[in-house]
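As structure tokens, the structure follows; a few thoughts come after it.
Owing to the predicted nature of the structure, the values given are computational and were not obtained by experimental measurement.
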Amino acid sequence: MANPSIASVTPVPASADEAESWVRGELIRSLMRSARGSYIVSAALMPAMVGLNWIYVPRWELLTWLAAGLIATACRAWGARVYAVRYAGRSAAAQQQFTERYGFIWSTSAVVWGLSILLFFERTPQVNQFMSWLIVAGVGTFPLNGLALHPPLLKRYVNTLFITMLGAVLIRLVSINLVEPHFQYGFLMPILPILHWFLLLRAGRHIHETARNSLELLFHNHILIKSLTQQRQAAVAAVAMKNRFLASAAHDMRQPVLALSLYADWLRNEPELVLELAPKIVRATHAVNALFDSMFDLARIDSGQVRLHIERVDVAELLHDLELQYRPVAESRGLDFRVHVTEGSFLTDPIRVRRMIGNLLANAIKYTTDGGVLLASRQTRDGLRVEVWDTGIGIAPEHLRDVFLEFYKVADHAGTSDGFGLGLAIVARLSHVLGHPVSVRSRLGSGSVFRVALHDADEAVAQARVSASGG
């Protein structure tokens, strides 16, 4: 038996770990989508039951039963309304909570229909009894497709209905004279209701398994499609990045290579200018080497070929080494270079963390024309932190995230023409690998501050991140 109500489903979660929860919740949602039809049919059959027994049963009994049935139907409608308002769009746990809290409304309806046996059994002509039995059997069978989607609710409804029916049958059998000639099929009671009971529960299990398998297949198909879509997007992004990488590298390399070619031709034609041209050739060569070094560093990280060596590093010694390397560069540009040290140590790869902070210092010096650069370590509530401050040109808010991308340069940004756009990309990669988060705050025209949180690096985790980046 197929259940059409499962065709309309809520969005599928992204994680396969949520499959069980999503399927369970969606089964209950499907049950509630089909619930309205079942209680409307139940309400429509109540007048038919009363009409079949109108001239054979005291009217006060029929009207009392009808009033109880209408109250039970109203409870079903109220429960559907509560579900639509409070639970329909919520989690699987909320769906489960609804069935546990409001399952009694199905039991109430089952009790009312079970008691209908007292109205006609051995009180009306056999044709009327037969028609009445068909109505009760239909009421027990019609909601099967929906209730089977949540087995606890199905068992609650069916068990309540048939226990009440059998109780009513036994009451009638005890209250009549079993030797009266008109009683011809009492020996079949309670065999037929028990058989029907068994068949409903068995059919319910099959319906539930079919619906569950359909939803699980839908879930895993969605995950597969999403995975394939993500892989396709990643492949497209990788091709785009490769093209951008090649275009940017070719553009950045063209200037120093062209300069080398011009200087070489110039030197060949005028060898007496060797003392003037040699430093320019050296600078152009250094520029090409710097580009290749940055490209190779980035490629090694992305390919997972970096081998980390985690050890305890003294932050004062680290900052002193960086000061020796970058103070002369800053002072040659007329900048003040200051260092503030807070004692401490942390676990990291000393070569890579020095490269990270060194790249930040190089950028700070490059983009600062007046004022200076501050290299500082501080102890915060979250642990040790290194900061690089500058009084340079700053970065506009809309560019703050993009500056960590490969070959990204802020358009019309003074100082970017002689850079490669790889320094901060390498910082971002090493930050992820070592677990040293980097943050930036900047104001256009006033300078920037880059902060590196020096959390202790875990060698196994860091190496796994390197391997993952290469995968």
Side-chain angles (χ1 to χ4, degrees), residues 230 233-249 252-253 289-311 313 318 321-322 325-326 346-367 375 383-388 395 399-410 416 419-442 448-471:
Q230 289 174 342
Q233 292 172 345
V236 171
V239 171
M241 183 179 293
K242 180 200 72 174
N243 293 337
R244 182 163 57 89
F245 182 92
L246 293 174
S248 299
D252 288 329
M253 198 179 298
N289 288 337
L291 175 59
F292 277 120
D293 286 344
S294 295
M295 289 171 61
F296 291 151
D297 281 347
L298 203 60
R300 278 194 293 268
I301 296 171
D302 286 344
S303 65
Q305 295 178 0
V306 173
R307 189 67 196 171
L308 301 175
H309 300 281
I310 305 298
E311 59 185 65
V313 173
L318 171 66
D321 290 345
L322 290 167
Q325 182 177 354
Y326 288 96
F346 63 106
L347 291 172
T348 192
D349 183 311
I351 296 176
R352 271 77 193 190
V353 79
R354 190 177 288 111
R355 182 66 188 275
M356 277 182 66
I357 301 173
N359 282 4
L360 296 177
L361 284 170
N363 266 25
I365 294 170
K366 180 190 299 183
Y367 298 117
L375 173 64
L384 201 58
R385 187 172 71 193
V386 165
E387 300 174 351
V388 176
I395 307 168
H399 298 302
L400 284 177
R401 178 171 302 200
D402 294 335
V403 296
F404 291 98
L405 300 176
E406 303 91 337
F407 290 109
Y408 184 84
K409 300 178 185 179
V410 180
T416 60
F420 305 124
L422 291 176
L424 292 180
I426 293 172
V427 169
R429 296 290 205 285
L430 293 174
S431 165
H432 169 70
V433 167
L434 296 174
H436 300 328
V438 177
S439 60
V440 56
R441 192 178 65 193
S442 184
S448 306
V449 54
F450 286 81
R451 296 184 172 93
V452 182
L454 302 178
H455 303 150
D456 283 346
D458 184 297
E459 184 162 5
V461 173
Q463 199 64 55
R465 289 173 180 156
V466 171
S467 300
S469 65

Could you grab the distance from atom CZ of Arg352 to atom CZ of Arg429, nearest 0.5 Å is fine?
15.0 Å
Quick one: ring pair (Phe, Tyr, Trp, His ring centres under 6.0 Å) partners of Tyr326, sequence neighbours excluded?
none
Please list, chain by chain and in numerical order, all residues satisfying salt bridge (Lys or Arg N to Asp or Glu O under 4.0 Å) with Asp321, sequence neighbours excluded.
Arg354
Distance (rounded to the nearest 0.5 Å) between Leu430 CG and Asp349 CG:
8.5 Å
Please determine whether side chain to side chain contact (heavy atoms under 4.5 Å, CB included) holds for the pair Val427 and Asn363, giving the CA-CA distance in whole Å, both sets of side-chain angles, and the decisive distance to 0.1 Å.
CA-CA 11 Å; Val427 169; Asn363 266 25; over 6 Å; no
List the atom of Ile310, the atom of Ala457, and the distance in Å for their closest heavy-atom pair.
CG2-O, 3.8 Å
CD on Glu311 to CD on Glu459, rounded to 0.5 Å
10.0 Å
Which atom of Pro350 lies closest to which atom of Val313, heavy atoms considered
CB-CG2, 3.8 Å
Heavy-atom closest contact (Ser448 atom, Ser442 atom, distance):
OG-OG, 2.7 Å
Pair up each side-chain donor or acceptor in residues 449-456 with any protein partner under 3.5 Å, not counting sequence neighbours, and list the distances.
unit_1	atom_1	unit_2	atom_2	d
Arg451	NE	Glu387	OE2	3.1
Asp456	OD1	Leu347	N	2.9

Could you tell me the separation between the CG atom of Leu322 and the CE atom of Met356, rounded to the nearest 0.5 Å?
11.5 Å
Please step through side chain to side chain contact (heavy atoms under 4.5 Å, CB included) for the pair Phe346 and Val386, ending with a clear verdict.
CA-CA 12 Å; Phe346 63 106; Val386 165; over 6 Å; no
